[in-house]
Amino acid sequence: MKKPFVTKEKIEEIVKTIPTPFHIYDEKGIRENARKLMKAFSWNKGYREFFAVKATPTPAILNILKEEGCGTDCSSETELMMSQKCGFNGDYIMFSSNDTPKEEFAFANKLGATINLDDITHIEVLKNTCGIPKKISCRFNPGGVFSLGTDIMDNPGDAKYGMTRQQLKDAYKQLKALGAEEFGMHAFLASNTVSNDYYPTLAKILFELAVEIKNETGISLSFINLSGGVGIPYTPDKAPNDIEIIGEGVHKAFDEILVPNGLGDVSIFTELGRFMLAPYGHLITKVINEKHTYKEYIGVDACAANLMRPAIYGAYHHITVLGKENEPCDKKYDVTGSLCENNDKFAIDRMLPEIEIGDYIAIHDTGAHGFSMGYNYNGKLRSSEVLLREDGSFKMIRRAETPEDYFATLEGFWEL
Ligand SMILES: *Cc1c(COP(=O)(O)O)cnc(C)c1O
């Protein structure tokens, strides 16, 4: 069963000063999970997690992860700016972007970030924009489909990211000729995997390729970046990944493939987003309407603009009616927001306890790709974000948008 990390009483205390809707984050959960990850990869001397900023671009969250030893993974100018502002130094910033504007290469390079090239043509761009840095990474795409056992997990052949095997080898040779001295490899082959086999399987593919690269080009990689993709169970029937088993699986592949081939000094990097944050965020929203037509509808004060995943992917997010955790789920509801879009539904035909206007609802697993995917359709405003600290106190870490924010980019709006 999924249990929320906040109680109804806590939410009633918070809403006295911070109105719903808001995303709330559990500092204790974030820290404990980050420590488990660090422990799982502590066998690797150079291990580092670069948190994917796009999942939760909020400085208070980045600072917690920084204290736990993480860096950041950025793919835009503003994500780089935020990382710099939060005090991450160059060695702790990865720039894994695609379709990259050349100005962003220059900015990443200025910060001393590690640039992860998505395409071989970017070598020329980089050379002409800011020069080839000493340390550089390349993104690999094996094509085809990626499967674990008999399960097809994703379709790299249809993905816009990364270079082919041959391009990758050519890229390392070109980069070396242009003065690069330290090389890394990156690949992201499947998203939200709920399986302890994803990283070990990916690691094996990349480790074998690293040996091939060494044999064919003489280049010894110094880091291999397993990127993101370790997922979380959004539905209550699934068991979470066990990061200790995952770390051990990568360790085994490392010892079997890299060590005997003289690559035992390779650092392992990760760029996890969802795994680091998703379970440690809830979207808290209040029931403001009920409607009885062909179905039973519960209208809340949040909408898809605050959490887009159900609307765009049909994603399941578990729902708890706070204070009714132990009541029977014997009513069937659609839980909706107010957008003029029929896909603005947080749940469809969901069995829940009887809901009344004024109830507070916790929508689970919104800590990653939740607030950050928000948008302003229908003139909806982005919510605030709240941090639940380890001692049980709370702090607003981002205020809600106001109409003034919404109108701020319209030239001359207030003079109309
Ligand atoms: C989105 C992304 C990640 C994080 O993915 P998760 O599924 O949240 O772990 C990591 N690296 C890159 C390059 C990404 O685009």
Side-chain angles (χ1 to χ4, degrees), residues 25 30 33-34 36-37 40-41 48-58 61-62 65 70-80 82-83 88 92-100 104-105 108 113-119 122 136-141 146 148 153-156 158-163 184-196 198-199 202-203 206 223-234 240-241 243 246-247 250 268-281 307-309 312-313 315 317 365-373:
Y25 303 97
I30 295 169
N33 183 61
K36 275 191 217 156
L37 172 74
F41 284 92
R48 186 162 297 158
E49 152 70 2
F50 295 84
F51 174 66
V53 175
K54 72 166 190 270
T56 324
T58 308
I61 300 296
L62 299 187
L65 293 170
C70 302
T72 60
D73 162 43
C74 303
S75 58
S76 68
E77 182 185 24
T78 49
E79 290 177 358
L80 287 166
M82 190 181 283
S83 299
F88 290 91
Y92 282 78
I93 305 175
M94 187 65 64
F95 186 55
S96 288
S97 109
N98 70 92
D99 185 23
T100 312
E104 295 190 5
F105 279 137
T114 302
I115 293 174
N116 182 29
L117 292 178
D118 182 65
D119 190 42
H122 289 159
I136 188 100
S137 175
C138 294
R139 183 166 185 166
F140 173 53
N141 182 336
F146 178 77
L148 291 178
M153 304 300 287
D154 228 318
N155 238 322
D158 283 339
K160 64 173 176 169
Y161 311 106
M163 310 183 200
M185 176 164 51
H186 169 281
F188 190 163
L189 303 189
S191 200
N192 191 33
T193 57
V194 188
S195 158
N196 293 331
Y198 171 61
Y199 261 5
L202 171 67
L206 299 185
F223 59 91
I224 291 177
N225 185 344
L226 302 176
S227 190
V230 175
I232 63 133
Y234 284 95
N241 288 320
I243 199 65
I246 291 172
V250 176
I268 300 300
F269 293 166
T270 55
E271 292 174 344
L272 295 168
R274 196 185 313 272
F275 181 79
M276 302 306 286
L277 250 301
Y280 315 109
L307 175 68
M308 204 174 181
R309 298 187 72 258
I312 54 171
Y313 311 125
H317 278 265
D365 301 317
T366 68
H369 312 295
F371 177 92
S372 62
M373 278 185 156

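We count residues from 1, following the sequence as given. No experiment lies behind these values; they were computed from the predicted model shown. As the structure lists them, so they are numbered: ligands from 1, and atoms in each ligand from 1.
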Ligand 1-proximal atoms of F275, by part, heavy-atom distance under 4.0 Å: neither
S227 to ligand 1, any heavy atom closer than 4.0 Å: yes
Any N/O pair R139/ligand 1 closer than 3.5 Å: no
Protein heavy-atom partner closest to atom 15 (O) of ligand 1 - residue, atom, separation in Å: K54 NZ, 2.7 Å
Any donor-acceptor N/O pair, N241 side chain to I243 backbone, under 3.5 Å: no
Aromatic ring pairing Y198/F146, orientation class (parallel under 30°, perpendicular over 60°, tilted between): perpendicular
N or O contact, F188 vs ligand 1, cut-off under 3.5 Å: no
E104 side chain to S97 side chain, donor-acceptor N/O pair below 3.5 angstrom: no
Heavy-atom donor-acceptor pair, N141 side chain to K160 backbone, under 3.5 Å: no
Check: N192 side chain, G229 main-chain N or O, donor-acceptor pair, under 3.5 Å: no
Heavy-atom nearest neighbour in the protein, as seen from atom 13 (C) of ligand 1, with distance rounded to 0.1 Å: E271 OE1, 3.5 Å
H186/F140 aromatic ring centres below 6.0 Å: no
Residue-ligand contact M276/ligand 1, heavy atom below 4.0 Å: no
Y161 side-chain N/O to D119 backbone N/O, donor-acceptor pair under 3.5 Å: no
Sub-4.0 Å atoms of ligand 1 with respect to non-hydrogen atoms of G273: 4 (C), 6 (P), 8 (O), 9 (O)
cation_pi(R274, Y234) dist<6.0 Å, angle<=45: no
Side chain, backbone, both or neither: A52 near ligand 1, heavy atoms under 4.0 Å: side chain
4.0 Å heavy-atom contact, D73 with ligand 1: yes
A55 touching ligand 1 at heavy-atom level, < 4.0 angstrom: no
Region of M94 engaging ligand 1 - heavy atom pairs below 4.0 Å: neither
Check: Y25 ring centroid to Y280 ring centroid under 6.0 Å: no
Numbered atoms and elements of ligand 1 in range of G229, under 4.0 angstrom, heavy atoms: 6 (P), 7 (O), 9 (O)
Residue R274 vicinity, atoms of ligand 1 by number, heavy atom under 4.0 Å: 6 (P), 7 (O), 8 (O), 9 (O)
Partners passing ring-ring contact (aromatic ring centres under 6.0 Å, His included) against H369 (at least two apart in sequence or in another chain): none
Polar proximity ligand 1 side, V230 side, N/O cut 3.5 Å exclusive: no
